[in-house]
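Below, chain A is the first sequence line, B the second, and so on; all start at residue 1.
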Protein chains: 2
Amino acid sequence: MLIRHESGAVPLELRGYTRLPERRMRRGEVFRSSDRGDLVALRVVEGCLRVCHPLHDGRRQITDFLMPDDGIGIDEVRRHNGSIEAVTPARVALLTADTAEAEGESELAQARIGAMQARLFMLGHKNAREKLAAFLLEMSERIAPGEASFRLPMSRYDIADYLCLSPETVCRNFTQMSSDGLISLPDSQTVQILHRAPLEFIGR
Amino acid sequence: MLIRHESGAVPLELRGYTRLPERRMRRGEVFRSSDRGDLVALRVVEGCLRVCHPLHDGRRQITDFLMPDDGIGIDEVRRHNGSIEAVTPARVALLTADTAEAEGESELAQARIGAMQARLFMLGHKNAREKLAAFLLEMSERIAPGEASFRLPMSRYDIADYLCLSPETVCRNFTQMSSDGLISLPDSQTVQILHRAPLEFIGR
DNA sequence: CGGCAGTTTGAAAGATTTCAACATTTGTGG
DNA sequence: CCACAAATGTTGAAATCTTTCAAACTGCCG
């Protein structure tokens, strides 16, 4: 872990915000590459954040969702003009150079390389259904390990920008999986995995 | 740079090999994840290598091409069941733990994270034409910086597996760019960039 | 010369996006 | 508390892009 101690960390309360139709943010922005040069890292205490990067055509790509205890180095975000935003109401520990401990940074980098490699495989050769299956399994693991049911904190638009699909395609594949009996959707945010094995086969 | 000294490095001569139609390798394999546990890193002295990863459906993804002076840590390849193969006849320095210098490893990791981030943006939201434009500019920079003309060491199949496209799509877009007057193709391996600015606009 | 791998092109099939419409949910102010 | 507005979610149909399948061409090497 990059961030070991919370001592000196600046806790920040954030209200959640709703996504704007033009895919731009107005509220809930935790970090923008242009400001807070003293920030070094950030760790989620509660809630869910997303790491966003603007693309040249005005769209955005979400490179990561951050759940409680997940940390991220700011340099990586800053380098690509990114921002970190609240998906839900969140509490965050902001860490400056003197409060963040660099110890273990190398292992963190290795872990990130591994995660990005996996993401490269996913974006490269998986189709929409496979991407969504992999996504649901990932979220299941991160949100409620071992449970069949979990609640997605992010919108279909967020999922689309994470998987590099259109929101409509994401939606269609949710519906498809549901009518295939792989998952159940009591409401749009709640996912119950009915048959994990075939889902793993599709998304692996 | 991960690898600073060549002292103690094992130079390895490799004959080039041609890609087999079934997309499998037989010769020219430098490294497979299953063998040579003592290997730590590798640096290209001459020629061009590719870093390949097999996918679950039998296809492969090329995560990187390695040109002279490029180095790569083996762990990263090993972790994802990958292999490193010669694209052209190549000379390679194989480095074991005692010959490789770990110094600067952290900067190397940071650089790799940056490169992978760029690749994520590329695979995520770029179409075939944009991918190819970005690829040609990248290769131009790495093979013959500042020159308008350069020679691609790899096949259309390799390019396809790097850009996550079918070889036919790659081919069609070469033809398209050529007939659009953006590039010229004296032969299939030689690329001359006629108008760099529009190419950069497309591929950025 | 013949064969083989690589390259190129065409046509059809398949997947995803885009555009449009409508339904549902959420937040806000009266 | 309700009504309205705004945002999210869903579905359909057409358009676009990419892949797949097929065939032909090219260049190289034995």
Quick check: does any side chain N or O of R112(B) sit under 3.5 Å from a backbone N or O of I113(A), one acting as donor and the other as acceptor? no
Whole-Å distance between dT16(D) P and H125(B) NE2? 21 Å
Could you tell me the separation between the OH atom of Y157(B) and the P atom of dT8(C), rounded to a whole number of Å? 11 Å
Close side-chain approach of L152(A) to I159(A), heavy-atom, < 4.5 Å: yes
Any salt bridge linking K126(B) with D57(A)? Criterion: basic side-chain nitrogen under 4.0 Å from a carboxylate oxygen. no
Write down the distance between CG (D187(B)) and C1' (dG6(C)), rounded to a whole number of angstrom. 13 Å
Are OP1 or OP2 of dG6(C) and a side-chain N or O of Q189(B) less than 4.0 angstrom apart? no
For the helix from dC1(C)-dG30(D) to dG30(C)-dC1(D), what angle separates the axis at the start from the axis at the finish, each from five pairs, in steps of 10°? 30°
Closest nucleotide among dG9(D), dT8(C), dT10(D) to the T175(A) side chain: dT10(D)
CE of M154(B) versus C1' of dA5(C): gap in Å, rounded? 18 Å
Walk along nucleotides 15-21 of chain C from 5' to 3' and tag each nucleotide B, S or - by protein heavy-atom contact under 4.0 Å, base first, then sugar-phosphate. -SBBB--
Do V92(B) and L66(B) come close enough that some side-chain heavy atom pair is under 4.5 Å? no
Provide, to the nearest angstrom, the distance between the CZ atom belonging to F174(A) and the P atom belonging to dT11(D). 12 Å
Could you state the atom-to-atom distance from CD of E130(B) to C1' of dT18(D) in whole Å? 14 Å
Separation of dT19(D) P from R156(B) CZ (nearest whole Å): 16 Å
Side chains of I74(A) and I84(A): does their closest heavy-atom pair fall under 4.5 Å? yes
Restricting to ring pair (Phe, Tyr, Trp, His ring centres under 6.0 Å), what partner residues turn up for F65(A), sequence neighbours left out? Y162(A)
Side chain proximity check, T63(B) to M116(B), heavy atoms < 4.5 angstrom: no
With a 4.5 Å limit on heavy-atom distance, are the side chains of Y157(B) and V170(B) in contact? no
If you look at every strand shown and take non-hydrogen atoms under 4.0 Å, does Q176(B) touch a base, only sugar-phosphate, or nothing? nothing
Just by modelled atom types, is the N127(A) backbone N or O under 3.5 Å from a matching donor or acceptor in the E130(A) side chain? yes
D158(A) atom CG is separated from dA7(D) atom C1', nearest whole Å, by 13 Å
